[in-house]
> 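This is the structure I have questions about; it appears just below.
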Amino acid sequence: MIKEITAKYEAEQIEQKVTQFWDETDAYRRTRERRKTGKKLFFVDGPPYTTGHIHLGTAWNKIIKDSILRYYSMHNRNIMERPGWDMHGLPIEVKVEGVLGFKSKKDIESFGVGNFISKCKEFALGQQQAMTEQFERLGVWLQWEAPYMTLKDEYIEAAWWTLKQAEKKDLLDVGKRVVNWCPRCETAIADSEVEYADRTDPSIYVKFKVKGEENTFIVIWTTTPWTIPSNIAVAVHPSFEYAKFRAVRQDGKEEVLIAATTLIENVLRKGRYTDYEILETLLGEDLAGLEYESPLADLVPLQAEFRHNVYEAEYVTAENTGCVHIAPGHGMDDFAVGVKNKLPIFCPVGPSGAYTEEAGKYAGMNIREANAVVIEDLLERDRLLTEESITHRYGHCWRCKTPIIYLATEQWFLKITELKEKMLAEIEAVDWYPDWAGSARFRTWVEGARDWCISRQRYWGIPIPVWKCRKCGKMEVIGTKQELVEKSNASAEIELHRPYVDEVIIPCECGGDMKRVEDVFDVWFDSAVASWATLKFPQHEEDFNEWWPADFITEGHDQTRGWFYSQLGASMVGFGRAPYKSVLMHGFTLDGTGKKMSKSLGNVITPQDVIDKFGADTLRAYVLSASAPWEDLKFNWEEVATVHRSINILWNVFRFPLPYMALDKFDPMKVSLDSVRDALREEDRWILSRAQSMIKAVDEAMSGYLLHKAVREILEFTLEDLSRWYIQLIRPRTWTEAEDPDKLAAYSVLYEVYVTLTRLLAPFMPYLAEEMYQNLVRNVDPKAPESIHMCDWPEVNEAYLDPELEAAMTTARSIVEAASNARQKVGRKLRWPVARIVVSPETGAAAVAVKRLSSVLKDQTNSKAIVLTGVGESWDELGLEVIPDPGKLGPVFKRDAGKVSAALKEVDGAVLKKAFAEAGEFELTLADGSSVTITPEMANFAETLPEGVASAGSSAGLVYVDANLTPELEGEGYSREVIRRLQDMRKELDLIVDENIKAEVRIEDERVMGLVEPLKGLIAEEVRAASFELSSAAEVSGALVKAWDVEGIAMKMGISKA
RNA sequence: GGGCCCGUAGCUUAGCCUGGUGGAGCGCACGGCUGAUAACCGUGAGGUCCUGCGUUCGAAUCGCAGCGGGCCCA
């Protein structure tokens, strides 16, 4: 049986109870099990990094995933999903280093790599546990007991296998390249790991002396003085115009400078030159080849040996001097120029950012400290044109925030540039939500992509499976653990992490020993292989063949350069196609002012904060409905509270009929919608139709992953259609006591609608939906699926759809609102009935709607009659007021105009209008008996309302409320006042709904007493008074006695239990 | 500096694709209801639709430029 619920909406309690229910019934696993024969759906969870706690953004991410998967599951999709954990890499190393108080790699080496690795592992596993609990609390159903974890052997093998494919397809490259380098972490980092932030650096202009020309200098600009000792060349744009000009210094000396013509002024200003004269202009391409001397040749011995020349480069921009300092060992573009022109890749800087022996004077010095020294040295040699500082965006290591440097080092690369065209074609084949996420944003990113540096000089990561012979240099890529064991001395139980794999020796054909190269993979490569690693490929090919590629993934827009990209890259290498078929890109959670949430700003709100206050369903409904998925979400507590209030109303809507249903032992298994068909009212058919329309709207929204529209639709239906309207309409029906078909029809309809609503709620507010379902369905039908999440999504029942009725009801609601508005104007409360409501319909449809729903209208407006005028006609009881136009009367009647105007006002508007229409004029008799002729332009008309009538506009047309009282109406009004107060007193005594009372009422006013007397029986019935005494004089007694002032009439009432 | 997205009432937003007098919720003020009741409902005030220019008979909507915010990149 359906149970009455007394509690108000207590999310905490409900969610706890439901969680326990899910646990006890193994609901998650059995729900998945139930769909095993359905159409397959492969979802890949973007693995959160196992550091710290989940934040609002991660919560939103998982909530989106969960809602969509629950929705699909209810559509009988057989879903493969494993949550993922990203557990390797620098972030964890940095955390662990912090815990252990380490400052550099040396500390790690002396602690022991094996010890360090186990600390990292321990840390990652601990975080995973904590985060899993937090995700589960959100109501997220994923395979928590069997997640994919990047630190597992099966996962590592997926990465190894992929690298082996790269080698086979000649997409793997090793060599010296300039990479982003973190001098603290002493490792290369990927482009995607570089974080840009403002930083102040020196900004210097340096003069390079032209060889063989006296007192002549090329002027270059740089923000990295420390790279001057590594300068090898100068680049100019081939088609820019450059000038040789004589410049006069402040000290009166002159020198000849070379810079882009358009930038001469800039150079002169920077160098505080007082005068200049252009000697010669020439194009960049003509400048190429010019030889110059290193300004620090005396300090860096190798610099004296290098030749320094000017080269052409298209990327040079017309800024600063137009001549660009080239250090091929310290810049991406510089490196390219170096390779193109076969220049030495001179890189006298070591991993920690200290100069090597090659740097001569600077050897051992840290490059940041060297800046000042270099500047000093340049100044001493008179090669410094100016020195300033500049604040610019500069790359930092994303984890330790150290400014990065560029170093030419030996690294491993995936040749993404060779795959680019195919990747762009694959992007087209993927469905992107929204469309521009793929067609614009991701496309742009891939178009600019460079080869992917996948090697890191670190410890905690997937070891790069390349073994290199120490004798002959031969290299071999290992694809699986088994292959490694077969080819080497390794035992079958070998741990695939460092330092253990480092000890494995593979005998080389040449007789030498092959040792592993020491690098580990970029962590982005870990998650890149997730779509097949999660299927345990390559160990198990079966699942892979059945499920891959992913049907759907969804992540935040920061993952454009991250996981969307890394997955695509790795999959192109492994399989030559995209690993996903559709992608939903979602936004970021920001604080209330639109700023990023960050610890340093102190504006972080955690999911737990929200859950503690309002529960998980509210959090879910809020993040899902607040904005479109792809838009950023400005977190706003007030809005969360508003959503919570909506859910509370939903709860009250759900709760409302339960006591009556329970009392009447209503059994939906016996009373079907079919069986009450004949008793259905228009409003019943209306809400059934609305429910179908809602299913349609939600389905349509979900087909484009417009989760916000779906949730808003459901909440709007609940608030507008159910709470504010249908429930109001059926309330009197639920109070009837007999086995009334009218009541049963209302129950049955409400039940049907609630069951539908519960299913629609399930994907989005899974706890609440479950709680409702257990009471509504499971309590009456033991054969029903055990959990709401095992149910099928409701199908639209076309037979219930009635768009005309829906439109008519909208019209009716508008009329009720207008009537309420008019009542307010005329000062008549709703409790007091009115004689009639007059509607002047603007359209035939409006008239039809009024007729069809007149009982609803009578009911809701508390009126005795609904009167319709003809379509487009005004109400014939309206008066017509004459408004004389003084501007027209004045010139004609001069000094009599005032009198004429006064007399005209008194004329019956209808008479005047008729005269104008028939005769074109009107003979007006003035007070003195004389008469004048009035023509139509002299008067305007205004409709006037009859006494006691007020009007208001509605979508149907004007609505008039005739609030004139008759004794019957007044009697009913007072009676209702009495009823309302007696009910209030019942409440105060805390009586049960169906408990009988004794009531006594004294109304001293004889007139009112006379009005109320005939309705004595009605009052007694309404308040369940077994005995009811109404008098004008008798003393009032009872358990509770109160004196009331009812509209100025004194009344005294007393009640007690019968 | 570049790409993409966003900018509508005090706050959160709908409308924008497909141009035709800008809708809602919260909050505020006033009122109603009182067998959902520490709940619910109505009415009202409140808008340079970020700014400017353009296209058009007509622009929140289309185009261009700028400003502000977000993400990403250089």
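This is a predicted model, so every value here is computed, not measured. Here is how names work: the chains are called A, B, and so on, in the same order as the sequence lines, proteins then strands, and each is numbered from 1.
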> Considering only atom P, compute the distance from B/A45 to B/A24 and round it to an integer number of Å.
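Rounded to whole Å, the distance is 12 Å.
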> What is the pairing partner of B/C53, taking Watson-Crick or G-U wobble pairs with both distances under 3.5 Å in any strand?
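In the structure as shown, B/C53 has B/G63 as its Watson-Crick or wobble partner.
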> Any strand counts, and the cut-off is 3.5 Å on both contacts for Watson-Crick or G-U wobble. Which nucleotide pairs with B/G27?
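When the pairing criteria are applied, nothing turns out to pair with B/G27, so the answer is none.
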> In the structure I gave you, are the side-chain heavy atoms of A/Tyr565 and A/Met423 within less than 4.5 Å of one another anywhere?
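Side-chain contact under 4.5 Å: yes.
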> If you define the side chain from C-beta out and look only at heavy atoms, does anything of A/Val1023 sit under 4.5 Å from A/Phe1028?
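Side chain of A/Val1023 against side chain of A/Phe1028, heavy atoms only: no contact under 4.5 Å found.
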> How far does the C1' atom of B/G35 sit from the matching atom of B/G31, given to the nearest Å?
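Nearest-Å result for B/G35 against B/G31 at atom C1': 23 Å.
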> Think A/Arg823 has a side-chain N or O under 4.0 angstrom from the OP1 or OP2 of B/C33?
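So the side-chain polar atoms of A/Arg823 never come under 4.0 Å of the phosphate oxygens OP1 or OP2 of B/C33.
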> Without decimals, in angstroms, what is the distance between A/His644 NE2 and B/U12 C1'?
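Atom NE2 in A/His644 sits about 18 Å away from atom C1' in B/U12.
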> May I ask which nucleotide in the shown strands pairs with B/A45, Watson-Crick or G-U wobble, both distances under 3.5 Å?
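Pair assignment: B/A45 / none.
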> Phosphate oxygens OP1/OP2 of B/U34: is one of them under 4.0 Å from a side-chain N or O of A/Arg831?
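The answer is yes; a side-chain N or O of A/Arg831 sits under 4.0 Å from OP1 or OP2.
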> Assert yes or no for the condition that the ring centre distance of A/Trp832 to A/Tyr974 is strictly below 6.0 Å.
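Yes; A/Tyr974 has its ring centre under 6.0 Å from that of A/Trp832.
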> Once you round it to whole Å, what is the distance between P of B/C33 and CZ of A/Arg828?
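After rounding, the reported distance stands at 12 Å.
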> Generate the contact string for nucleotides 36-43 of chain B. Rules: B means base contact, S means sugar-phosphate contact only, - means no protein heavy atom under 4.0 Å.
BB-SSSBS
> So which nucleotide does B/G68 pair with, by the Watson-Crick or G-U wobble rule with both distances under 3.5 Å?
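Per the H-bond distance test, B/C6.
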> In whole angstrom, what separates A/Met585's CE from B/C72's P?
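Between P of B/C72 and CE of A/Met585: 12 Å.
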> Pairing check on B/C17: which nucleotide meets the Watson-Crick or G-U wobble criteria with it, both distances under 3.5 Å?
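In the structure as shown, B/C17 has no Watson-Crick or wobble partner.
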> On RNA chain B, nearest-nucleotide positions of A/Glu638 versus A/Trp832: which is more 5'?
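The residue mapped nearer the 5' terminus is A/Glu638.
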> Side-chain contact, heavy-atom cut-off 4.5 Å: A/Leu945 with A/Ser951?
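Touching, per the 4.5 Å side-chain cut-off.
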> If the threshold is 4.0 Å, N to carboxylate O, is there a salt bridge linking A/Lys709 and A/Glu713?
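Salt bridge: no.
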> Measuring only the P atom in each nucleotide, how far is B/G10 from B/C67? A whole number of Å is fine.
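It works out to 25 Å between them.
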> Give A/Glu631 one of three labels, base, sugar-phosphate or nothing, depending on what nucleic acid heavy atoms sit under 4.0 Å from its own.
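Sugar-phosphate contact only - A/Glu631 comes under 4.0 Å of backbone atoms but never of a base.
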> How many whole angstroms separate atom CZ of A/Arg441 from atom P of B/C6?
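For the pair A/Arg441 CZ and B/C6 P, the rounded distance is 11 Å.
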> Would you mind reading off the distance between A/His557 atom NE2 and B/G3 atom P, rounded to a whole angstrom?
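Taking NE2 of A/His557 and P of B/G3, I get 18 Å after rounding.
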> Please give the nucleotide sitting opposite B/C33 as a Watson-Crick or G-U wobble pair, both distances under 3.5 Å, or none.
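B/C33 is unpaired by these criteria.
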> Which nucleotide wins on minimum distance to the side chain of A/Trp436, given the candidates B/C71, B/C4, B/G32?
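Selected nucleotide: B/C4.
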> Could you tell me whether A/Asp984 contacts a base, only the sugar-phosphate backbone, or nothing, with contacts defined as non-hydrogen atoms closer than 4.0 Å?
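Nothing, no heavy atom under 4.0 Å.
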> Measure the distance from CD on A/Glu1021 to P on B/G35 and round it to the nearest whole Å.
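Answer to the nearest Å: 15 Å.
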> Are A/Trp181 and A/Tyr406 near enough that their ring centres are under 6.0 Å apart?
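They do not qualify: ring centres at least 6.0 Å apart.
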> Expressed as a whole number of Å, how far does the C1' atom of B/U12 sit from that of B/C28?
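Roughly 16 Å separates the two C1' atoms.
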> Which word best sums up how the rings of A/His237 and A/Phe240 line up, parallel for under 30°, tilted for 30 to 60°, or perpendicular for over 60°?
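A/His237 and A/Phe240: parallel rings.
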> Find the partner of B/A39: check Watson-Crick (N1-N3 plus N6-O4 or O6-N4) and G-U wobble (N1-O2, O6-N3) distances, both under 3.5 Å, and reply none if neither fits.
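None - no nucleotide pairs with B/A39, as no candidate has both distances under 3.5 Å.
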> Please state whether the rings of A/Phe442 and A/Trp432 are parallel, tilted or perpendicular, taking 30° and 60° as the class boundaries.
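Ring orientation of A/Phe442 relative to A/Trp432: tilted.
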> Using atom P in both nucleotides, what's the gap between B/C16 and B/U61 to the nearest angstrom?
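To the nearest whole Å, 12 Å.
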> Taking atom C1' of B/C4 as reference, at what distance in whole Å does atom CD of A/Gln559 sit?
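To the nearest whole Å, that distance equals 16 Å.
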> Nearest to the side chain of A/Lys829 - B/C11, B/C4, B/C33?
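The nucleotide sitting nearest to the side chain is B/C33.
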> Between B/C50 and B/G68, how far apart are the C1' atoms? Round to whole Å, please.
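About 8 Å, rounded to a whole number of Å.
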> Just do the salt bridge (charged side-chain N to carboxylate O under 4.0 Å, His left out) check on A/Arg690 and A/Glu806 with the steps written out, would you?
CA-CA 7 Å; A/Arg690 281 293 305 131; A/Glu806 288 190 33; 3.3 Å; yes
> Between B/U51 and B/G7, how far is it from one C1' atom to the other, in whole Å?
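Looking at atom C1' only, B/U51 and B/G7 are 11 Å apart.
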> Say you pick atom C1' in B/C71 and the same atom in B/C41; how far apart are they, in whole Å?
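About 43 Å, rounded to a whole number of Å.
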> Kindly indicate, with the supporting measurements, whether the criterion salt bridge (charged side-chain N to carboxylate O under 4.0 Å, His left out) is fulfilled by A/Glu720 and A/Arg724.
CA-CA 5 Å; A/Glu720 280 300 324; A/Arg724 287 174 197 165; 2.7 Å; yes
> Nearest of B/G35, B/G25, B/C4 to any side-chain atom of A/Arg1024?
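The answer is B/G35, which lies nearest to the side chain.
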> Starting at the 5' end of RNA chain B, which residue's closest nucleotide do you reach first, A/Ala628 or A/Glu1022?
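This one resolves to A/Ala628.
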> Classify A/Thr444 by what it touches in the nucleic acid, base, sugar-phosphate, or nothing, heavy-atom distance under 4.0 Å.
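A/Thr444: backbone/sugar contact only, no base atoms under 4.0 Å.
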> Quickly work out the A/Trp60 CH2 to B/C71 P distance and round it to whole Å.
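So the CH2-P distance, A/Trp60 to B/C71, works out to 13 Å.
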